[in-house]
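Note: hydrogens, waters and symmetry copies are ignored here, and every other heavy atom, side chains too, is used. Throughout, a chain's letter reflects where its sequence line sits, starting with A, and its residues are numbered from 1.
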Amino acid sequence: MSGRDYQGYDAVIKSPLPGRDNRLAIVTQDDKLQKLLFVSHSTKLKQAKSSFAKSVVEQLEAYFSESDIKFTLSLGPDGTEYQKRVWNRLRKCPIGKVWTYGELARQIHSAPRAVGNACRRNPIPIVVPCHRVVSANGMGGYAGQTSGMYMSIKQWLLQHESAI
DNA sequence: TTAGGTAGTCTCG
DNA sequence: CGAGACTACCTAA
């Protein structure tokens, strides 16, 4: 078990996402959301440990039930300057809208491949909506994969948001 | 369909 | 550091 084990999580909740990794583990630091991880359905659930973690839980649950809520959480992801530039820009992508890697790249004067690299390392999926970035011809990837369970999650999220 | 271009990051040495 | 490899890509031919 490398990195944090589940005891390091500030909360673990159930989600309606498809697949085995349908629980969400929340990691905060100094009242900022630092990571959101897809963890296995066998991971122990955990009550929010702080009032900030509780508001993360509430907003996620609202998102799953209504799909068009806007997250108002301060974020503190670890990453390079460039990665944070990509993630910050991505937060401006409205619900129900989809950008291509190329479109996002033009907005920040970069290149599509580099954008894909940064999205791949997004530590806060859903809240930083990397599922809204697709390729010009296909779906792109999600959570580092281009097929499999995480792509199903990406599709689920897009479908959820288009069904407003 | 593929070749070549792109920007950022990672891995060796 | 430096070269080379590796991407959740894109465009032109």
J.: Going by atom types alone, do Y9(A) and T43(A) pair a side-chain donor with an acceptor below 3.5 Å?
T.: no
J.: Side chains of Y150(A) and D21(A): is there a donor and an acceptor less than 3.5 Å apart?
T.: yes
J.: Between the base of dG8(B) and the side chain of R113(A), is one N or O donor paired with an acceptor at under 3.5 angstrom?
T.: no
J.: In this structure, how many angstroms lie between the P atom of dT7(C) and the CD atom of Q145(A), rounded?
T.: 12 Å
J.: Roughly how many Å is it from CD1 in I108(A) to C1' in dC9(C), rounded to a whole number?
T.: 13 Å
J.: Give one of base, sugar-phosphate or nothing for A143(A), where a contact means two heavy atoms less than 4.0 Å apart.
T.: base
J.: Please tell me which of the listed nucleotides, dC10(C), dA7(B), dT9(B), lies nearest to the side chain of T100(A)?
T.: dC10(C)
J.: The side chain of R121(A) is closest to which nucleotide in this list: dC10(C), dC10(B), dA7(B)?
T.: dC10(B)
J.: Indicate, with yes or no, if V98(A) and I95(A) share a hydrophobic cluster defined by side-chain heavy-atom contacts under 4.5 Å among Ile, Leu, Val, Met, Phe, Trp and Tyr.
T.: no
J.: For H131(A) and for R106(A), find the nucleotide of DNA chain C with the closest heavy atom, then tell me which residue's nucleotide is more 5'.
T.: H131(A)
J.: Which is true for A114(A) with a 4.0 Å heavy-atom rule: it touches a base, it touches only sugar-phosphate, or it touches nothing?
T.: base
J.: Taking K97(A) first and then E161(A), would you say they form a salt bridge - that is, a charged N and a carboxylate O separated by under 4.0 Å?
T.: no
J.: Return the NE2 to CZ distance between H41(A) and R20(A), rounded to the nearest 0.5 Å.
T.: 7.0 Å
J.: Whole angstrom is fine here: how far is it from CG in L104(A) over to P in dA7(B)?
T.: 15 Å
J.: Could you tell me whether Y101(A) contacts a base, only the sugar-phosphate backbone, or nothing, with contacts defined as non-hydrogen atoms closer than 4.0 Å?
T.: base
J.: Can you measure from CG (L17(A)) to NZ (K14(A)) and round to the nearest 0.5 angstrom?
T.: 13.0 Å
J.: Could you tell me how far apart N137(A) (CG) and dT1(B) (P) are, to the nearest whole angstrom?
T.: 12 Å
J.: Considering only heavy atoms from C-beta outward, does the side chain of E103(A) approach that of T100(A) to under 4.5 Å?
T.: yes
J.: Is T80(A) close enough to dT9(B) that one of its side-chain N or O atoms is under 4.0 Å from OP1 or OP2 there?
T.: yes
J.: Any donor-acceptor pair under 3.5 Å joining the side chain of N117(A) to the base of dT9(B)?
T.: no
J.: In whole angstrom, give the distance that lies between atom CD of E103(A) and atom P of dT6(B).
T.: 21 Å
J.: Let me have DNA chain B in dot-bracket notation, would you? Count Watson-Crick plus G-U wobble pairs, both distances under 3.5 Å, and use [ ] for pairs crossing earlier ones and | for inter-strand partners.
T.: |||||.|||||||
